[in-house]
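The structure under discussion appears below in the form of structure tokens.
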Number of protein chains: 2
Amino acid sequence: MSSVFKALSDPTRRRVLEMLRDGPKSAGELAGAFDVSKPTMSAHFAVLRDAGLVASEKDGKSVFYHLQMSVLEDALFGFAQTFGWERREDISTTGRPVLKEGKA
Amino acid sequence: MSSVFKALSDPTRRRVLEMLRDGPKSAGELAGAFDVSKPTMSAHFAVLRDAGLVASEKDGKSVFYHLQMSVLEDALFGFAQTFGWERREDISTTGRPVLKEGKA
DNA sequence: TCGACAATTAGCTAATTGTCTATTTATGAG
DNA sequence: CTCATAAATAGACAATTAGCTAATTGTCGA
């Protein structure tokens, strides 16, 4: 949990996650979108991977990263539940969980 | 946003927030629940205050902290919305927003 | 095998973090 | 005014972080 929030505390890393919303992208493709060196981006990827927020697969020369939605979901909603919000699955229209007012 | 996630990345600070769920508590009362020095706790309070997650009021010799629910809510749900979750207000039974499957 | 390319690792610096003890500030009681 | 209590500030220190350049590893095409 701490490692997830730590990972989310950097704007570059949050933007990487957003870039992965619609599918996997290579390390180079991701790095190209930011104004920092490749090794620096590689370190950011490592933080995200260690937090479990992304997973990587090697394909030829490239490494592709993809979002681990469920980890993001569990951290965000798991914490929110502590404060009385409630995850709802029942009325979902898009397939992702819903967080609703809890009885907590 | 970064400062909120940074604040949430420490377990001590998350527990402080949880302790404030049911109402304000003094700095001493909060500090007493943890196994670190008062000044260390004071630093944690400052991080939470700078992130906007808590506010403080002085009452006599004591300082009382209370949760700023809306800031927590906006950070958590604002970020979640980026990933297609949707905040719902309509079916809430406890008065807190609901996060549901988005069309995003 | 050689060269180019993609990505990570190594090694470094500067800045930030979490922790401590000691000190200071502010309030209230006698 | 003086003392005790609550909390924050100051100053020190070890550990971590984000960033860089340079070097290394792995994979392909010629």
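Naming convention: chains lettered A, B, ... in sequence-line order (proteins, then strands); numbering from 1 in each chain. All of these numbers come straight from a predicted model, not from anything done at the bench.
Listed by residue number, the members of residues 24-41 of chain B with any heavy atom below 4.0 angstrom from DNA chain D are Ser26(B), Ala27(B), Gly28(B), Pro39(B).
In this structure, Arg15(B) places its CZ atom 16 Å from P of dG18(C), rounding to the nearest Å. Following rounding to the nearest Å, Lys61(A) (NZ) and dA30(D) (C1') show an atom-to-atom distance of 12 Å. Following rounding to the nearest Å, Lys6(A) (NZ) and dT16(D) (C1') show an atom-to-atom distance of 7 Å. Regarding Lys58(B), its NZ atom lies at a distance of 8 Å from the P atom of dA8(D), rounded to whole Å. Counting to the nearest Å, the C1' atom of dA15(C) and the CG atom of Asp10(A) are 14 Å from each other. Counting to the nearest Å, the C1' atom of dT16(C) and the CZ atom of Phe5(B) are 20 Å from each other. Rounded to whole angstrom, the span from the CG atom of Asp59(B) across to the C1' atom of dA26(C) amounts to 13 Å.
Contact annotation: Tyr65(B) reaches the phosphate of dA8(D) (side-chain N/O to OP1 or OP2, under 4.0 Å). Remark: His44(A) is not in phosphate contact with dT17(D), judged by side-chain N or O atoms under 4.0 Å from OP1 or OP2.
Under the 4.5 Å side-chain criterion, counting only non-hydrogen atoms from C-beta, Thr12(A) is in contact with Met41(A).
Residues Leu76(B) and Met1(A) are members of one and the same hydrophobic cluster, defined by side-chain heavy-atom contacts under 4.5 angstrom among Ile, Leu, Val, Met, Phe, Trp and Tyr. Residues Leu72(B) and Leu20(B) fall within the same hydrophobic cluster, defined by Ile, Leu, Val, Met, Phe, Trp and Tyr side chains chained together at heavy-atom separations under 4.5 Å. Residue Phe79(B) is grouped with residue Trp85(A) when hydrophobic side chains (ILVMFWY) are merged at heavy-atom distances under 4.5 angstrom, including chains of intermediate members.
Each of dA8(D), dT27(D), dT17(D) was ranked by its minimum atom distance to the side chain of Phe45(B); first place goes to dA8(D).
Panel note: side chain Ser9(A), backbone Lys6(A); a donor-acceptor pair is recorded below 3.5 Å.
At the heavy-atom level, Ser42(B) lies under 4.0 Å from base atoms of the strands shown.
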Which side-chain N or O atoms in residues 48-63 of chain B pair as donor and acceptor under 3.5 Å with protein atoms at least two apart or in another chain?
| residue | atom | partner | partner atom | Å |
| --- | --- | --- | --- | --- |
| Arg49(B) | NH2 | Tyr65(B) | OH | 3.3 |
| Glu57(B) | OE2 | His66(B) | ND1 | 3.1 |

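Interatomic distance, Thr82(B) OG1 to Leu17(A) CG, rounded to the nearest 0.5 Å: 10.0 Å.
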